[in-house]
2 protein chains.
Amino acid sequence: MQRMTRQRAAVSEVLADTEDFRSAQQLHDMLREAGHSVGLATVYRTMQTLAENGDVDVLRNAEGESLFRRCRKQVHHHHLVCRICGRTVELDAGVVEHWAADVGQSHGFVDVEHTAELFGTCAECMAAGAVDTRDA
Amino acid sequence: MQRMTRQRAAVSEVLADTEDFRSAQQLHDMLREAGHSVGLATVYRTMQTLAENGDVDVLRNAEGESLFRRCRKQVHHHHLVCRICGRTVELDAGVVEHWAADVGQSHGFVDVEHTAELFGTCAECMAAGAVDTRDA
DNA sequence: CTGTGCATGGGAACCATTCTCACTTGCAGG
DNA sequence: CCTGCAAGTGAGAATGGTTCCCATGCACAG
């Protein structure tokens, strides 16, 4: 059974405050800055639960670290993520869907699913001199 | 400068022996079984070098572990992997490249890279009754 | 043959994530 | 309101893949 605890409320609050993908550690920091005391393990546990429920999107960056973001569309989509600040654009990608289905079929594969994510440096971070501006 | 060492030869040999994606640890085990003594760190270093040279393909499984496989095409490409038997098809994907560049630019992102992998069930595995035959 | 400096190995260091377990606490039912 | 207890929490330990360190080894040009 799901209980509503102080910690879960705090996590939801922080998640609601940002559009961008954040690591568990970042979320943990943001919680502390917001005056909430939530253990790192609890952040991980909560994100896991939310992910299972489809309430957050999860993806892995180049370093293999998991990034989370509150999910708005339940439908399948992809992301363009700034590797510096985490700013994210949700993408509809008919091209990709079509390509995947097409290629799968032509090779005799069925039940084909795909992953596709784009990482780049957004205009602002580029202007900022390619310096990592994430606040710790 | 690249030196040809006993260890690198051994790694190449083992890589040439399989079509499938293998983790560094698996490669390390395969080397030992083949009678070669190669340090784990050396396996990692070698795979890193090979990956940089485009001699092996790298992808991350669901657990975030890096998997390697000898590469036949030097050019950037993607994979269609059978989720049952691991059979892999290398794909040219001009569509995807174009889409990535296009989307990145239209959102003001620079230095855009992308990941894209397809997972499905191949015809043979489908015929075999959709039973997972991977050995643990 | 020999010197130079890249390569190696193995054990420590790293780091994200998960586990452990004693301690809290939400909450249903008295 | 109490109260019991299972779900939730947190601090730190454990895990596991990967990288780093550094003394030693060895490929290869000269």
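Naming convention: chains lettered A, B, ... in sequence-line order (proteins, then strands); numbering from 1 in each chain.
If you check distances only, the side chain of Arg45(B) does reach the base of dG9(C) with a donor-acceptor pair under 3.5 Å.
Residue Gln25(B) places at least one side-chain N or O under 4.0 Å from the OP1 or OP2 atom of dG17(D). Between Thr42(B) and dG9(C) there is a side-chain N or O to OP1 or OP2 distance below 4.0 Å. A close approach under 4.0 Å does occur between a side-chain nitrogen or oxygen of Thr5(A) and OP1 or OP2 of dT9(D). The side chain of Tyr44(A) places an N or O atom within less than 4.0 Å of a non-bridging phosphate oxygen (OP1 or OP2) of dT17(C). Listed pair Gln2(A) / dG8(D) meets the phosphate criterion, a side-chain N or O lying under 4.0 Å from OP1 or OP2. OP1 or OP2 of dT17(C) has not a single side-chain nitrogen or oxygen of Arg60(A) nearer than 4.0 Å. Checking the phosphate oxygens (OP1, OP2) of dG9(C), a side-chain nitrogen or oxygen of Gln7(B) falls inside 4.0 Å.
Put simply, Trp99(B) and Phe119(A) are part of two different groups of oily side chains (I, L, V, M, F, W, Y) that touch within less than 4.5 Å, one to the next.
Rounded to whole Å, the distance from CD on Gln26(B) to P on dG17(D) is 10 Å.
Side-chain contact check for His77(B) and Glu97(B): no donor-acceptor pair (N or O, by modelled atom type) lies under 3.5 Å.
Using a 4.0 Å heavy-atom cutoff across all strands shown, Ser23(B) reaches no nucleic acid atom at all. Nucleic acid contact for Glu63(A): none, since no nucleic acid atom lies under 4.0 Å from a heavy atom of the residue.
When each of Val89(B), Leu91(B), Leu59(B) is paired with His79(B), the side chain to side chain contact (heavy atoms under 4.5 Å, CB included) condition holds for Leu59(B) and for no other.
Closest to the Arg3(B) side chain, of the nucleotides dT18(D), dA6(D), dT4(C), is dT4(C).
Checking Arg8(B) against Ala41(B), the closest nucleotide of DNA chain C that is more toward the 5' end is the one next to Arg8(B). Taking the nucleotide of DNA chain D with the nearest heavy atom to each of Leu67(B) and Arg6(A), the more 5' of the two is matched to Arg6(A).
For His76(B) and His114(B), the distance between ring centers is under 6.0 angstrom.
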